[in-house]
Amino acid sequence: KHIILPTLTLSVIYIALLARMTRASVIEVLEEDYIRTARAKGLSETKILMRHALRNAAVPIVTVIGLGIALLIGGVVVTESVYNIPGLGRLVLDAVLARDYPIIQGLILFFSLVYVLLNLLIDLTYTFFDPRIMSKSKILRLSDRSARLLFGISAKFLCASKPKIMGFLSVIIALHS
């Protein structure tokens, strides 16, 4: 009932960005040769748009969705505070004001883990929309960005008290690079 205004606050800018990116990607794809070939075969514009254009324009759109999720995670703290909604964003603010460091660390770890897992999921969806990405490599690997975030976050939180883990993570990062 009272969720409409906070939802609009978080999503209006993001929806506009996503619509602009989708439009630009689709316009770029519609100028390709295979679209002309599909039109020459007599396919309807709906089939051309859905099967050929949107599928090939999806990779940059998915990237923008991933970046937008990061913005939403940050925006949730402010939005929950402004609209007085109890949630994880509000808990972060209350913990910062109370200087409750264990809660702050736990929530930052949680938000970071969610962000890294979403980036991993987005990297995996690239292979669904563009099979050429999978065919370039037989082994499915994390992207550099996701791996560095994952190992960097793990190193910050785990290695404060355990120096052996720090050495292990340094080896993994070195091997990945």
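- You'll find the side chain of Thr63 reaches within 4.5 Å of the side chain of Tyr126, heavy atoms only.
- Under the side chain to side chain contact (heavy atoms under 4.5 Å, CB included) criterion, Ala58 pairs with Phe129, sequence neighbours left out.
- Counting heavy atoms from C-beta on, the side chains of Ile61 and Ile65 come closer than 4.5 Å.
- Using a 4.5 Å cut-off on side-chain heavy atoms (C-beta onward), Asn84 and Arg90 make contact.
- No donor-acceptor pair under 3.5 Å is formed between the side chain of Thr79 and the backbone N or O of Val76.
- The closest side-chain heavy-atom distance from Val26 to Leu49 is below 4.5 Å.
- Contact detail for Leu10 and Leu72: the closest heavy-atom pair is O-CD2, 3.5 Å.
- Taking CG of Leu113 as the reference point, atom OH of Tyr115 lies at 13.0 Å (rounded to 0.5 Å).
- For the pair Leu43 and His52, the minimum side-chain heavy-atom distance is below 4.5 Å.
- A single hydrophobic cluster is seen to contain both Tyr14 and Val114, as judged by linkage of ILVMFWY side chains at heavy-atom distances under 4.5 Å, directly or through other members.
- The side chain to side chain contact (heavy atoms under 4.5 Å, CB included) test applied to Leu97 returns Leu93, not counting sequence neighbours.
- Residues meeting the side chain to side chain contact (heavy atoms under 4.5 Å, CB included) test with Thr37, sequence neighbours left out: Lys41.
- Between Phe128 and Arg55, the closest heavy-atom pair is O-NH2, 2.9 Å.
- Judged purely by atom type and a 3.5 angstrom limit, Thr127 has no side-chain atom pairing as donor or acceptor with the backbone of Asp123.
- Proximity of Leu91 to Ile103: side-chain heavy atoms (C-beta onward) are separated by under 4.5 Å at one or more points.
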